[in-house]
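What you are looking at is a predicted structure, and each value in this text was computed from that prediction instead of being measured. Along the sequence shown, the residues carry numbers beginning at 1.
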Amino acid sequence: MITLALSKGRIFEETLPLLASAGIQVLEDPESSRKLILPTNQPKVRVVLVRATDVPTYVQYGGADIGVAGRDVLIEHGGVGLYQPLDLQIARCRMSVAVRDDFDYAGVVQQGSRLRVATKYTSIARQHFADKGVHVDLIKLYGSMELAPLTGLADAIVDLVSTGSTLKANRLVEVERIMDISSRLVVNQAALKLKREILKPMIDAIAAAVAAPAPATAGRHA
């Protein structure tokens with residue numbers, strides 16, 4: 001049995017076409033089913049639904065053989081014990097620094113002042129500011145990051161940004177882009193050896209789907 005760890009939402013939806021390229025179809029909708037283990041059309045493949053931040057842990061310790069996790073989650077996890085063969089180029093966004101629209105971020109950094117930064121991505125934030133030589137106090141939060149600057153809890157936040165509409169709605173502006181984020185295939189190293197006959201063709205099929213050019217859009221005739 002091959003166990004694939006996925007999180008609900010965007011990663012799940014954008015992984016489905018890649019699985020289809022390997023001949024795998026999930027037979028139940030996670031949004032309507034209460035099950036945490038979903039069957040597929042392949043008797044030897046099942047999907048387990050876990051929190052996005054837990055995917056690397058499940059794969060590392062063998063609770064799953066293979067999984068899909070964002071680059072942000074993998075950096076925070078550390079990637080220990082994981083083989084990362086593919087950048088799937090899905091669930092793309094960016095990790096950025098954002099502040100209130102009336103906060104002089106550049107001026108504060110130039111003066112060498114200490115910043116209070118709220119984030120759940122403490123490893124990424126710590127490394128980013130250390131590389132810039134900026135002294136920060138990190139405040140770990142797990143949700144509603146935008147509230148931190150608005151309530152005075154923090155001067156800045158480090159968070160994922162997709163369209164930027166949530167920042168704009170809360171009078172925040174993106175002041176630094178730290179890195180681009182996409183989701184990656186992660187594989188348990190022991191499973192890759194012990195279940196190679198099943199896993200290798202699956203990984204190769206997904207890799208071919210990722211590398212395939214997007215279908216051309218038909219042009220209008222004059």
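The environment of Gln25 atom CD is sparse: at most 12 non-hydrogen atoms of other residues, nucleotides or ligands sit within 6.0 angstrom. Other residues, nucleotides and ligands place no more than 12 heavy atoms under 6.0 Å from the NZ atom of Lys168. Annotation: Arg114, atom CZ; neighbour count of heavy atoms from other residues, nucleotides and ligands within 6.0 Å is above 12. Within 6.0 Å of NZ in Lys140 there are more than 12 heavy atoms belonging to other residues, nucleotides or ligands. No more than 12 heavy atoms of other residues, nucleotides or ligands lie within 6.0 Å of CD in Glu197, so this atom counts as exposed by the packing criterion.
Between the side chain of Arg71 and the backbone N or O of Asp180 there is at least one donor-acceptor pair closer than 3.5 Å. A donor-acceptor contact shorter than 3.5 Å is absent between the side chain of Ser33 and the backbone of Pro30. For Asn170 (side chain) and Leu172 (main-chain N/O), no donor-acceptor pair under 3.5 Å exists by modelled atom type. At least one donor-acceptor pair under 3.5 Å links the side chain of Thr151 to the backbone N or O of Leu147. Side-chain atoms of Asn41 never come within 3.5 Å of backbone atoms of Leu27 as a donor-acceptor pair (strictly under, hydrogens ignored).
Between the OG atom of Ser7 and the CG atom of Leu49 there is a distance of 8.5 Å, given to the nearest 0.5 Å. Note: Ser123 OG to Leu74 CG = 12.0 Å, rounded to the nearest 0.5 Å. Rounding to the nearest 0.5 angstrom, the gap separating the CD1 atom in Ile198 from the NZ atom in Lys200 is 14.5 Å. Taking CD1 of Ile90 as the start and CG of Leu16 as the end, the distance is 9.0 Å to the nearest 0.5 Å. In this structure, Ile206 CD1 and Leu86 CG are separated by 7.5 Å, a value rounded to the nearest 0.5 Å. With rounding to the nearest 0.5 angstrom, the OG1 atom of Thr40 is 8.5 Å from the CG atom of Leu19.
Linking ILVMFWY side-chain heavy atoms closer than 4.5 Å, directly or via other members, places Val68 and Met202 in a single hydrophobic cluster. Leu141 and Val136 end up in different hydrophobic clusters when Ile, Leu, Val, Met, Phe, Trp and Tyr side chains are linked at under 4.5 Å. Under the 4.5 Å side-chain heavy-atom criterion for grouping Ile, Leu, Val, Met, Phe, Trp and Tyr, Tyr121 is connected to Ile178 within one hydrophobic cluster. In terms of hydrophobic clustering, with Ile, Leu, Val, Met, Phe, Trp and Tyr side chains grouped at heavy-atom distances under 4.5 Å, Ile124 and Val109 are assigned to a common cluster. Clustering ILVMFWY residues whenever any of their side-chain heavy atoms sit less than 4.5 angstrom apart, transitively, puts Leu167 in a cluster other than the one holding Leu160.
When all heavy atoms are compared, the tightest approach of Asn188 to Gln60 is ND2-O, 3.3 Å. Nearest heavy atoms, Gly70 versus Ile11: N-CD1, 4.3 Å. Minimum heavy-atom separation, Ala91 to Ser183: CB-OG, 3.6 Å. For the pair Thr53 and Val73, the tightest heavy-atom approach, listed with the atom from each and the gap, is CA-CG1, 3.9 Å. Ser162 and Cys93 make their closest contact through CA-CB, 4.3 Å (heavy atoms, listed as atom of the first residue, atom of the second, distance). Of all heavy-atom pairs spanning Ala156 and Val99, the tightest one is CB-CG1, 3.6 Å.
Two residues are said to be in side-chain contact when any heavy atoms from C-beta on lie closer than 4.5 Å; Leu199 and Val187 meet this criterion. In this structure the side chain of Val47 never reaches within 4.5 angstrom of the side chain of Ile37, judged on heavy atoms. The closest side-chain heavy-atom distance from Ser182 to Leu88 is not below 4.5 Å. Annotation: side chain of Phe129 is in contact with side chain of Val97 (closest heavy-atom distance under 4.5 Å). Two residues are said to be in side-chain contact when any heavy atoms from C-beta on lie closer than 4.5 Å; Phe12 and Val26 meet this criterion. Side-chain contact between Val117 and Asp137 is absent, with no heavy-atom pair separated by less than 4.5 Å. At least one side-chain heavy atom of Pro56 sits under 4.5 Å from a side-chain heavy atom of Leu82. Here the side chains of Asp155 and Val108 are not in contact, with every heavy-atom distance at 4.5 Å or above.
Look at Asp101 and Arg171 and you find a salt bridge, because one of the NZ, NE, NH1 or NH2 atoms lies within 4.0 Å of a carboxylate O, short of that distance. Salt-bridge check for Glu28 with Lys35: passed, with a basic side-chain N closer than 4.0 Å to an acidic carboxylate O. Between Asp65 and Lys195 there is a salt bridge, since a side-chain N of the basic residue sits under 4.0 Å from a carboxylate O of the acidic one. Salt bridge absent: Lys120 and Glu76 never bring a charged side-chain N and a carboxylate O closer than 4.0 Å. Using a cutoff of 4.0 Å between basic side-chain nitrogens and carboxylate oxygens, Asp87 and Arg184 are scored as salt-bridged.
When each of Glu176, Arg100, Gln110 is paired with Tyr105, the side-chain hydrogen bond (donor to acceptor under 3.5 Å, both in side chains) condition holds for Glu176 and for no other. Here the rule is side chain to side chain contact (heavy atoms under 4.5 Å, CB included) with Ile66, and of Thr3, Ile203, Val186 only Ile203 fits it.
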Any chance you could lay out the side-chain contact (heavy atoms from CB on, under 4.5 Å) test for Leu138 and Arg116, step after step, and finish with the verdict? CA-CA 6 Å; Leu138 295 179; Arg116 286 180 300 165; over 6 Å; no

Trace of the salt bridge (Lys or Arg N to Asp or Glu O under 4.0 Å) decision for Arg94 with Glu174: CA-CA 11 Å; Arg94 59 194 180 273; Glu174 190 177 354; 2.7 Å; yes

